[in-house]
Structures are given as C-alpha cells and as structure tokens.
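Encoded as structure tokens, the structure appears first; notes follow it.
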Amino acid sequence: MRESIVCIGKIGAKPYRFPETGTQISSYEELCYYLSRHMVCYLYTLPEEDLLYYIRDELGLDKLYRQLSKLMNPEKDQMKYFSALFREGHYYSEEEIRQILDEYRSLKNAPYPLQCKWMGDLSVRSGRAATALHYYKEALKQGTLEEEEMGAVYHNMAVAKAKLFRFQDARILFLKAYQHGGEEESLFYYYCIIAFTEGLEKAVEELQTFEVTDLLLESFEERFAELDDGFSCTEQAAKQKRIAFLSENQKEEEAETLYHQHVRRLQKNFRTELELDDNLPVLNLPSTTKK
C-alpha cells in the first residue's frame with residue numbers, strides 16, 4: 001500500500017524531476033517529503049538551481065525562492081538551506097524538522113566510504129544501476145570498509161551489474177560478497193546467476209565446492225524454482241521459449257533473427273544505463289579528496 005501525501009498548497013502545472021533518482025514532485029508537500037528521505041544526496045552539494053525556479057514559478061512560493069537563493073553556495077552551512085525550506089510551509093512540525101536535520105548531520109559526519117555506499121544503495125533502488133557502480137567503486141577505493149561492509153558493497157554491485165546484463169561480472173561479485181560478508185544470500189544469488197546462464201546442474205556443481213549442507217542446497221533449489229516459475233510467466237520468457245523452439249526445429253536463421261530483435265529491444269529499454277556503465281562518467285560523487 002503506497003503512502004498518501006495531503007497537499008494543501010499550489011500544485012505545479014508540470015512536475016519537477018530530481019535527476020538523482022528520477023522521482024517527480026508537483027507540490028511543496030511532496031518536495032518536503034522527498035527531500036527528508038533523500039538527504040544523503042546532498043551531503044556535498046545542494047539541489048540544482050532549477051528547483052528554485054520551480055518553487056517560484058510553479059508553486060508560487062516567491063518568498064521561499066528568495067530565501068533559498070541566498071543559501072545556494074554549498075560551501076556555506078547547508079543546514080540553513082534545508083531548515084529554511086522545511087519551515088516555510090509548515091508541512092513538518094518543529095520536532096520533526098529537528099529530527100530530519102539531526103539525521104542529516106549524522107549522515108554528514110559518517111565515514112566517507114559509507115556515504116558512498118549509501119548513495120550506491122539509493123541509486124540501485126532508484127533504477128540507476130550504472131550510477132550506483134561509481135559510488136560503490138569509490139567506497140571500495142578508500143580501503144577502510146570493514147569486511148561485513150565490503151561484503152554488502154560487493155553484493156549490491158553484483159545486483160547493479162545483473163541489472164545491466166553483465167552476468168559474468170555479477171557472478172564474480174556475488175562470490176566476492178560471500179567471501180567478505182559470509183552471507184548466504186550472496187551465495188544464493190551466485191547460484192541463481194549460474195542456474196540462469198549455465199543450467200541447474202552446473203549451479204549445483206559450483207555450490208558443492210563450498211561444502212554446503214544438503215539442507216541449504218535444497219533450500220536454494222526451492223527458492224530458485226519459485227523464481228523460475230515466476231519468470232516463466234513473463235513476456236521475456238515466452239520469447240526465449242520461442243527462440244529455443246525455432247532453434248530445436250532446424251529454423252536457425254529465424255531463431256537468430258528473433259534473438260537479435262529481442263536483444264535490441266532490451267538494449268533500447270536500458271540504453272541510458274548501459275551507456276553510462278560503458279563510459280564511466282563521474283556523476284555527482286562527493287569530493288575524492290575527503291578522507
């Protein structure tokens with residue numbers, strides 16, 4: 001069940017889209033709700049200047065626009081920016097605002113590698129897999145994460161790679177995640193990647209090299225069967241079955257054509273993320289000079 005936000009102020013004729021997550025808002029109340037839950041995005045910067053124009057032109061909050069315009073320099077106290085924004089429309093109580101700002105202060109004082117990890121986690125949840133990889137790489141580059149934290153970073157990097165169809169990379173990263181964190185969930189995802197790409201027999205063979213118990217292997221097999229059943233009902237699975245059917249019935253040329261059409265359609269849907277992953281741009285990373 002999704003949360004509802006009661007909006008009593010002006011609703012913008014068009015929405016504002018936050019580039020970090022792709023989330024859209026159309027009111028002051030939605031703006032406050034969004035920012036209060038994404039403060040980690042603004043530890044080293046502030047929301048883009050376009051937001052100020054949206055606040056003035058679409059939401060009709062000219063006073064707030066003037067206040068925030070004076071606080072746009074991220075070198076100044078960023079707390080003042082958010083304090084002014086949250087207090088203007090009385091969406092949050094004073095106690096709630098203090099809690100939000102205290103949490104923000106805690107985020108700013110956290111170790112830099114953890115800040116990068118949290119941004120990576122947020123990016124994965126927002127469908128920004130390629131962006132997440134840059135944050136995770138930055139977190140690992142510092143060399144100060146605990147083993148458990150490194151395991152979590154490698155696990156989430158693997159999830160991001162899988163979303164970009166880099167299954168071989170994902171397989172290696174899930175294995176690293178298990179080696180560092182020791183979490184069975186990472187081993188299960190490692191098992192799933194192999195099962196999907198090379199078959200169940202190969203996945204079981206790989207898992208047995210870890211000397212897992214029969215009970216754990218049975219649990220993995222049951223979980224994978226549930227996933228496989230769910231996937232079998234999707235449009236993508238139907239196309240793959242059609243390709244396999246054509247190939248098995250000596251219609252190789254038709255199967256190959258259908259396969260390339262299928263791949264191109266997937267690439268089109270994920271082109272932006274795939275290109276980001278290939279080009280490795282720096283996207284709003286915190287300053288790498290911070291230790």
Check whether any side-chain N or O of [X] sits under 3.5 Å from a backbone N or O of [Y] as a donor-acceptor pair, and report yes or no.
X: Arg166; Y: Leu164; value: yes
X: Ser126; Y: Arg128; value: no
X: Tyr191; Y: Val204; value: no
X: Glu198; Y: Ala203; value: no
X: Gln78; Y: Thr45; value: yes
X: Glu30; Y: Ser27; value: yes

Can you tell me if [atom1] on [X] sees more than 12 non-hydrogen neighbours from other groups inside 6.0 Å?
X: Glu146; atom1: CD; answer: no
X: Glu148; atom1: CD; answer: no
X: Asp214; atom1: CG; answer: no
X: Gln24; atom1: CD; answer: yes
X: Glu253; atom1: CD; answer: no

Report task. Report yes or no: do Leu107 and Met119 belong to one cluster of Ile/Leu/Val/Met/Phe/Trp/Tyr joined by side chain heavy-atom distances under 4.5 Å? Result ->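 Per the 4.5 Å side-chain linkage, Leu107 and Met119 are co-clustered.
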
Requested in this report: Please check if Ile172 and Leu207 belong to a single hydrophobic cluster, counting links between Ile, Leu, Val, Met, Phe, Trp and Tyr side chain heavy atoms closer than 4.5 Å.
Outcome: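 No: no chain of side-chain contacts under 4.5 Å links Ile172 to Leu207.
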
Could you check whether [X] pairs with [Y] (Lys NZ or Arg NE/NH1/NH2 to Asp/Glu carboxylate O, under 4.0 Å)?
X: Arg98; Y: Asp102; result: no
X: Arg87; Y: Glu94; result: yes
X: Glu206; Y: Arg171; result: yes
X: Arg223; Y: Glu218; result: no

Rounded at 0.5 Å granularity, tell me how far [atom1] in [X] sits from [atom2] in [Y].
X: Leu122; Y: Arg37; atom1: CG; atom2: CZ; result: 13.0 Å
X: Arg66; Y: Leu52; atom1: CZ; atom2: CG; result: 12.5 Å
X: Cys116; Y: Glu138; atom1: SG; atom2: CD; result: 5.0 Å
X: Leu61; Y: Gln67; atom1: CG; atom2: CD; result: 10.0 Å
X: Met150; Y: Gln179; atom1: CE; atom2: CD; result: 10.5 Å
X: Leu140; Y: Met157; atom1: CG; atom2: CE; result: 6.0 Å

Requested in this report: Could you tell me whether Tyr136 and Tyr154 have their ring centroids closer than 6.0 angstrom?
Outcome: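 Between Tyr154 and Tyr136, which both carry aromatic rings, the centre distance is not below 6.0 Å.
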
For a 4.5 angstrom cut-off between non-hydrogen side-chain atoms, does [X] reach [Y]?
X: Arg105; Y: Lys108; result: no
X: Glu49; Y: Tyr53; result: yes
X: Asp121; Y: Tyr135; result: no
X: Tyr54; Y: Ile25; result: yes
X: Val212; Y: Leu187; result: yes
X: Phe82; Y: Pro47; result: yes
X: Leu51; Y: Leu68; result: no
X: Tyr33; Y: Tyr92; result: yes

Which pair of non-hydrogen atoms, one from [X] and one from [Y], has the smallest distance, and what is that distance?
X: Ala170; Y: Ile193; result: CB-CD1, 4.2 Å
X: Thr144; Y: Pro113; result: OG1-CG, 3.1 Å
X: Asn156; Y: Val124; result: O-CG2, 4.3 Å
X: Leu101; Y: Ser83; result: CD1-CB, 4.1 Å
X: Glu20; Y: Tyr42; result: OE1-OH, 3.4 Å
X: Tyr91; Y: Cys32; result: CD2-CB, 3.7 Å

Should the ring pair [X] and [Y] be called parallel, tilted or perpendicular, given that the plane angle runs from 0 to 90° and is split at 30 and 60?
X: Phe174; Y: His155; answer: perpendicular
X: Phe210; Y: Tyr178; answer: perpendicular
X: Phe18; Y: Tyr16; answer: perpendicular
X: Phe165; Y: Phe167; answer: perpendicular

Query - Stepwise side chain to side chain contact (heavy atoms under 4.5 Å, CB included) check, Leu64 with Tyr28 - result: CA-CA 11 Å; Leu64 181 57; Tyr28 170 77; 4.0 Å; yes

Query raised in the report: Going through the checks in order, is the side chain to side chain donor-acceptor pair (under 3.5 Å) test met by Glu222 and Ser219?
Result: CA-CA 5 Å; Glu222 289 177 357; Ser219 170; 5.7 Å; no

Report task. Decide yes or no on side chain to side chain contact (heavy atoms under 4.5 Å, CB included) for Glu103 and Met39, but give the supporting numbers first. Result -> CA-CA 9 Å; Glu103 290 172 4; Met39 299 294 277; over 6 Å; no

Report task. Would you check, one step at a time, whether the test side chain to side chain contact (heavy atoms under 4.5 Å, CB included) holds for Thr21 with Tyr34? Result -> CA-CA 10 Å; Thr21 61; Tyr34 173 87; 2.8 Å; yes

Requested in this report: Determine, stepwise, if the pair Thr23 / Arg17 fulfils side chain to side chain contact (heavy atoms under 4.5 Å, CB included).
Outcome: CA-CA 6 Å; Thr23 301; Arg17 179 178 178 274; over 6 Å; no

